[in-house]
Amino acid sequence: MPLHPQCQAIVEAVADNPEGSPFTADEPADARARYVASNAIYAPDTPSLAKISDFAITGPADDILVRLYNPSASDDKELPIMVFVHGGGWVFGDLESHDHVCRALAHEAGCLVLAVDYRLAPEYPFPAGLEDCMAVLAWVSGNAASLGADSEKLAIGGDSAGGNLSAVMAQEAQKNGGPNIAFQLLLYPATDFLADNNSLRDNAEGYLLTKEAITRFADLYLRDGQDRRDPRISPIYGDLAGLPPAHVITAEFDPLRDEGATYAEAMKSAGVDVTYAMYPGMVHGFMRMGAIVDNAQDAIRESAVRLKQVLSYERP
């Protein structure tokens with residue numbers, strides 16, 4: 001189908017904005033500021049939650065800030081918990097950029113959501129961000145009871161670069177014998193730094209995220225000479241057998257569309273329980289755009305339904 005009118009309006013507004021978008025910023029600081037500022041346009045009103053708290057977890061290099069979203073006022077029942085890893089090309093994004101997404105996921109899924117403010121490139125290139133995310137995952141697994149969480153219902157999820165890190169986390173946890181992950185939510189994930197496919201060519205420019213921006217982010221994230229087939233970078237080259245159930249979402253007018261689809265199919269071929277949804281007419285990052293794009297909330301609801309199906313629990 002053609003580009004959805006709601007997405008078309010966003011594409012045109014960004015093209016007309018002299019400030020540009022995070023994807024066109026020359027400096028990481030500018031990209032970060034523009035990304036958070038976009039919340040004023042994209043973030044919808046979100047439902048109230050019982051409690052939201054910020055705290056720090058000891059990381060491999062320094063404290064890691066996290067934010068816990070709790071939809072339940074009751075302490076009588078342990079809830080599933082999702083560790084959520086934000087997108088932003090490994091270069092921008094933080095607890096604020098995805099606050100509304102995490103609030104919506106916690107409300108719709110009736111689970112705890114713990115957002116991670118991991119270290120960003122280029123100041124902290126690979127594997128710094130991954131190491132932070134793995135440290136948080138291990139901490140959550142070991143401290144689930146203190147959070148009111150069920151350690152047997154530990155999920156991971158993220159969008160774009162966060163989808164990449166979440167896919168890698170699932171593989172690393174399996175390879176290292178834990179923590180045990182019960183579900184993966186991969187939202188338009190980057191899965192192959194060597195990709196050459198139709199969506200990269202067809203959607204190379206004109207739909208917010210560009211092929212040029214993808215190349216620039218990769219160069220900021222990875223050191224010179226880094227093996228881009230390393231499964232910790234490109235999870236498509238990893239061992240997929242035995243991975244936890246996954247739900248993968250992609251967008252039609254997204255350069256990363258085929259990477260997500262290929263990864264979903266590869267997991268299926270390896271025997272993983274996978275559901276996949278490609279949203280027609282949508283652009284990369286549409287799930288952050290709920291104030292304008294109706295499909296954002298649809299995708300969040302779909303993700304919540306799948307999470308509840310896999311983990312088999314009642315919403316509080």
Side-chain angles (χ1 to χ4, degrees), residues 80-87 101 105 108-111 113 130 133-134 137 152-176 178-195 197-200 229 231-280 282 284-287 295-296 298-313:
I81 185 167
M82 174 182 288
V83 175
F84 187 86
V85 186
H86 69 76
V101 176
L105 281 170
E108 290 293 337
C111 72
V113 174
L130 174 61
C133 292
M134 292 302 298
L137 183 67
E152 298 298 314
K153 295 181 178 179
L154 171 58
I156 54 175
D159 65 320
S160 193
N164 167 273
L165 290 167
S166 296
V168 173
M169 289 162 67
Q171 291 190 22
E172 288 292 287
Q174 177 176 266
K175 182 174 68 176
N176 297 328
N180 293 322
I181 297 171
F183 178 74
Q184 313 172 68
L185 177 62
L186 308 180
L187 310 175
Y188 26 86
T191 63
D192 186 357
F193 277 73
L194 298 174
N197 53 49
N198 289 335
S199 66
L200 277 170
R229 286 183 178 270
R232 297 174 303 159
I233 295 168
S234 298
I236 191 67
Y237 301 109
D239 182 3
L240 309 185
L243 288 176
H247 185 56
V248 182
I249 288 178
T250 63
E252 181 180 9
F253 291 93
D254 181 355
L256 297 183
R257 182 196 67 216
D258 290 353
E259 289 184 44
T262 298
Y263 193 66
E265 188 57 39
M267 285 193 291
K268 282 184 182 180
S269 296
V272 180
D273 176 11
V274 179
T275 49
Y276 170 74
M278 190 278 288
Y279 275 70
M282 294 293 105
H284 186 81
F286 76 94
M287 288 178 69
N295 278 160
D298 294 337
I300 286 171
R301 291 194 185 101
E302 177 184 282
S303 300
V305 167
R306 177 63 174 152
L307 179 70
K308 288 183 282 188
Q309 286 175 341
V310 171
L311 300 187
S312 301
Y313 67 95

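The first residue of the sequence shown is numbered 1, and numbering continues consecutively from there. Remember, predicted model here, so these are calculated numbers, not experimental data.
- The CG atom of L187 sits 10.0 Å away from atom NE2 of H284, with the distance rounded to the nearest 0.5 Å.
- Considering only residues two or more places apart in sequence or on other chains, P231 meets the side chain to side chain contact (heavy atoms under 4.5 Å, CB included) condition with Q171.
- A 4.5 Å side-chain heavy-atom check between D192 and T262 finds every atom pair outside the cut-off.
- When the ring-ring contact (aromatic ring centres under 6.0 Å, His included) test is applied to Y237, no partner is found at least two apart in sequence or on another chain.
- Taking the side-chain hydrogen bond (donor to acceptor under 3.5 Å, both in side chains) definition, one finds that N197 meets it with S199, sequence neighbours left out.
- Applying the salt bridge (charged side-chain N to carboxylate O under 4.0 Å, His left out) rule to pairs touching residues 235-251 yields nothing, sequence neighbours excluded.
- Here salt bridge (charged side-chain N to carboxylate O under 4.0 Å, His left out) pairs that include residues 253-265, with residues two or more places apart or in two chains, number zero.
- At distances below 3.5 Å, not a single donor-acceptor pair connects side-chain atoms of N164 with backbone N or O atoms of S234.
- Taking all atoms of both residues into account, the shortest heavy-atom contact from Q174 to L243 is OE1-N, 3.2 Å.
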Indicate every side-chain donor-acceptor pair of residues 298-306 with a distance under 3.5 Å to a residue at least two apart or in another chain.
from	atom 1	to	atom 2	distance (Å)
D298	OD2	N295	ND2	3.0
E302	OE1	Y279	OH	3.2
E302	OE2	H247	NE2	2.7
S303	OG	A299	O	2.8
R306	NE	T275	OG1	2.9
R306	NH2	D273	OD1	3.0
R306	NH2	D273	OD2	3.3

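- Shown here for L200 and A195, the closest heavy-atom pair between the two residues is CD1-O, 3.4 Å.
- Here K175 pairs with E172 under the salt bridge (Lys or Arg N to Asp or Glu O under 4.0 Å) rule; sequence neighbours left out.
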Between S160 and L256, is a side chain to side chain contact (heavy atoms under 4.5 Å, CB included) present by the stated rule, with each step listed? CA-CA 8 Å; S160 193; L256 297 183; 4.1 Å; yes
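- Counting only residues at least two apart or on different chains, no salt bridge (charged side-chain N to carboxylate O under 4.0 Å, His left out) pair has a member in residues 244-253.
- Contact record, V310 with A182: CG1-O, 3.7 Å, taken as the closest heavy-atom pair.
- The side-chain hydrogen bond (donor to acceptor under 3.5 Å, both in side chains) search around N198 returns R201, not counting sequence neighbours.
- In this structure, Y263 has no ring-ring contact (aromatic ring centres under 6.0 Å, His included) partners at least two apart in sequence or on a different chain.
- Residue A109 comes nearest to L307 through the heavy atom pair CB-CD2, 3.6 Å, listed as atom of the first residue, atom of the second, then distance.
- Counting only heavy atoms from C-beta outward, the side chains of N180 and L154 never approach each other to under 4.5 Å.
- Between I181 and I156, the shortest heavy-atom contact is CD1-CD1, 3.8 Å.
- Considering CG of L165 and CD1 of I233, their distance stands at 11.0 Å, rounded to 0.5 Å.
- Side-chain contact between L130 and V168 is present, with heavy atoms from C-beta onward closer than 4.5 Å.
- Between M82 and L185 the shortest side-chain heavy-atom distance falls below 4.5 Å.
- When every heavy atom of G163 is checked against every heavy atom of L186, the shortest pair comes out as O-CD2, 3.7 Å.
- Contacts of T250 classified as side-chain hydrogen bond (donor to acceptor under 3.5 Å, both in side chains), with partners at least two apart in sequence or in another chain: Y276.
- Considering only heavy atoms from C-beta on, P80 stays 4.5 Å or farther from F183 through its side chain.
- Not counting sequence neighbours, the partners of E152 by the side chain to side chain contact (heavy atoms under 4.5 Å, CB included) test are D150.
- Although no hydrogens or angles enter the test, the distance criterion places no donor-acceptor pair under 3.5 Å between the side chain of Q184 and the main chain of A167.
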